[in-house]
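One structure is given here, and the rest of the page talks about it.
Because the structure is predicted, anything quoted here is derived from the model rather than measured.
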Amino acid sequence: MKKDIVKTNIKTIAKELKLPYITRNIEDEIKEANIKNLTYEAFLLSLLENEYDLRKANGIKSRIRQARFPYKRYIEDLSLEDLPQDARNKIKVFSSLDFIETGQNIIFAGNPGTGKTHIAIGLGIKACNKGYKVLFTTIPLLVNELKESRSEKTLRAFEKKFEKYDLIIADELGYISFDKEASELLFTYLSLRAGRKSTIITTNLSFERWDEIFKDPVMTAAMIDRLTHKSYIVNMNGNSYRLKETQLWLEKQ
């Protein structure tokens, strides 16, 4: 069989098997193999390793895209000395992602601008890189989605999807209050994950002020109890991390 026909057949079969690296690069790989005088085994291994690396990279990109992060932030970019002391002490523990394996929650509570969302997104992206399924949402957006699902009678499907995420980041608890329906939905769905799957919550309110959001002291107490059980509570009160970043940016202009 002629070499050109062989190459064409390899491309066709690789495309059918959904092997994009081999489909696009088989000719270059053959040339390199001939130059290096590779054995058949070494040539095959090189093809498979490159295909695996591409698939792994595409998987990471897909998980990050599906997580719906509003922007990208990385743990490595944090200036540790500018974080509140409690976050500084715990960031190394969180970076191991062991909390996901054990189904523990993290609650970042403190005044605005201290790095809560940055840390949460950084941990989320790190989790995506490690193969975990992640979702980023704001509390107001989550409540709206829950209400829409209830009205469209698709709540059970939403529930199944919600439970499958290894990590959910629920940002901005405390900026708006909820009616009774919203409070009940939020309580139910966050409780579904308690003790089994991890949730990161960022909030600008201390726990004693959560009843300002949910309007029901009994439900508020129950939610705090569920969310904080065996969880990490991080005190994020401190100087504004965001303000310092802005000042540094202005100085460079």
Side-chain angles (χ1 to χ4, degrees), residues 1-80 91-104 106 115 117-137 141 157-158 160-169 171 193 196-200 245 249 252:
M1 189 179 291
K2 291 183 179 180
K3 289 184 179 180
D4 288 343
I5 296 175
V6 170
K7 290 176 186 176
T8 300
N9 288 346
I10 290 173
K11 285 183 181 179
T12 300
I13 293 170
K15 190 173 182 180
E16 286 292 320
L17 293 174
K18 296 181 177 166
L19 302 172
Y21 180 85
I22 294 175
T23 304
R24 294 196 298 262
N25 298 285
I26 186 61
E27 291 190 23
D28 290 337
E29 286 284 346
I30 290 172
K31 286 178 185 177
E32 187 173 354
N34 287 328
I35 292 170
K36 293 181 178 179
N37 197 27
L38 296 180
T39 63
Y40 294 127
E41 293 88 349
F43 173 58
L44 178 59
L45 178 61
S46 175
L47 279 180
L48 294 177
E49 284 178 337
N50 287 323
E51 191 67 58
Y52 172 79
D53 289 343
L54 179 62
R55 184 164 296 187
K56 188 175 179 181
N58 286 342
I60 291 171
K61 289 178 184 177
S62 177
R63 285 190 295 275
I64 289 175
R65 183 177 65 253
Q66 292 172 3
R68 305 191 313 196
F69 297 113
Y71 43 80
K72 291 181 181 178
R73 288 287 186 271
Y74 302 94
I75 291 295
E76 293 76 15
D77 294 335
L78 284 166
S79 175
L80 295 180
I91 198 72
K92 188 175 181 179
V93 174
F94 297 156
S95 294
S96 72
L97 303 181
D98 287 345
F99 71 95
I100 298 178
E101 284 297 307
T102 54
Q104 292 175 275
I106 301 175
T117 302
H118 184 148
I119 297 173
I121 291 176
L123 291 173
I125 289 179
K126 196 176 186 73
C128 288
N129 289 337
K130 292 294 184 180
Y132 293 109
K133 191 174 182 183
V134 180
L135 173 69
F136 178 97
T137 185
L141 177 59
F158 188 93
K160 288 180 179 178
K161 181 181 176 182
F162 197 74
E163 287 182 301
K164 286 181 180 178
Y165 289 105
D166 300 300
L167 173 64
I168 286 180
I169 299 169
D171 199 31
R193 299 175 56 81
R196 299 186 303 108
K197 295 290 186 75
S198 295
T199 304
I200 293 177
E245 277 192 329
W249 178 81
K252 292 178 181 177

Heavy atoms of L135 and Q66 approach each other most closely as CD1-O, 4.5 Å
Residue pair Y21 / D53, side-chain heavy-atom distance below 4.5 Å
no
Look up atom OG1 in T8 and atom CD1 in I13, then write down how far apart they are to the nearest 0.5 Å.
11.0 Å
Just one of R55, K56, E49 clears the side chain to side chain contact (heavy atoms under 4.5 Å, CB included) bar with Y52, so which one?
K56
Any F162 side-chain heavy atom under 4.5 Å of R193 side chain
yes
Return the orientation label for the F99 and F94 ring planes: parallel under 30°, perpendicular over 60°, tilted otherwise.
perpendicular
Are side-chain heavy atoms of L78 and I75 found at a separation under 4.5 Å?
yes
Could you check whether any side-chain heavy atom of I26 comes within less than 4.5 Å of a side-chain heavy atom of L47, counting everything from C-beta outward?
yes
Atom OH of Y40 with >12 non-hydrogen neighbours under 6.0 angstrom:
no
R73 side-chain N/O to I121 backbone N/O, donor-acceptor pair under 3.5 Å
no
Report the distance from atom CG of L54 to atom CG of L19, rounding to the nearest 0.5 Å.
10.0 Å
Judged by atom type as modelled, is there a donor-acceptor pair below 3.5 Å linking the side chain of S62 to the main-chain atoms of N58?
no
So does V93 get a backbone contact from the side chain of S96, meaning a donor-acceptor N/O pair under 3.5 Å?
yes
Are N129 and I64 close enough, and set up right, to give a side chain to side chain contact (heavy atoms under 4.5 Å, CB included), and what steps lead you there?
CA-CA 8 Å; N129 289 337; I64 289 175; 4.0 Å; yes
Quick one: side-chain hydrogen bond (donor to acceptor under 3.5 Å, both in side chains) partners of K36, sequence neighbours excluded?
E32
How about F43 and I30: do any of their side-chain heavy atoms sit closer than 4.5 Å?
yes
For A42, enumerate each residue passing the side chain to side chain contact (heavy atoms under 4.5 Å, CB included) test, keeping only those at least two apart in sequence or located in another chain.
L38, T39
Measuring only between side-chain heavy atoms, which start at C-beta, is R63 closer than 4.5 Å to K130?
no
Check: K133 and C128 side chains under 4.5 Å, non-hydrogen atoms:
no
Does any part of the side chain of D98, heavy atoms only, come nearer than 4.5 Å to the side chain of T102, both counted from C-beta?
no
Please determine if E29 and K7 form a salt bridge, counting it only when a charged side-chain N lies under 4.0 Å from a carboxylate O.
no
What residue among L167, I106, V134, I200 forms side chain to side chain contact (heavy atoms under 4.5 Å, CB included) with I100?
L167
Please report the C-alpha distance between I168 and K197 in whole Å, then the side-chain angles of each, then the deciding distance to 0.1 Å, and finally whether the side chain to side chain contact (heavy atoms under 4.5 Å, CB included) criterion is met.
CA-CA 8 Å; I168 286 180; K197 295 290 186 75; over 6 Å; no
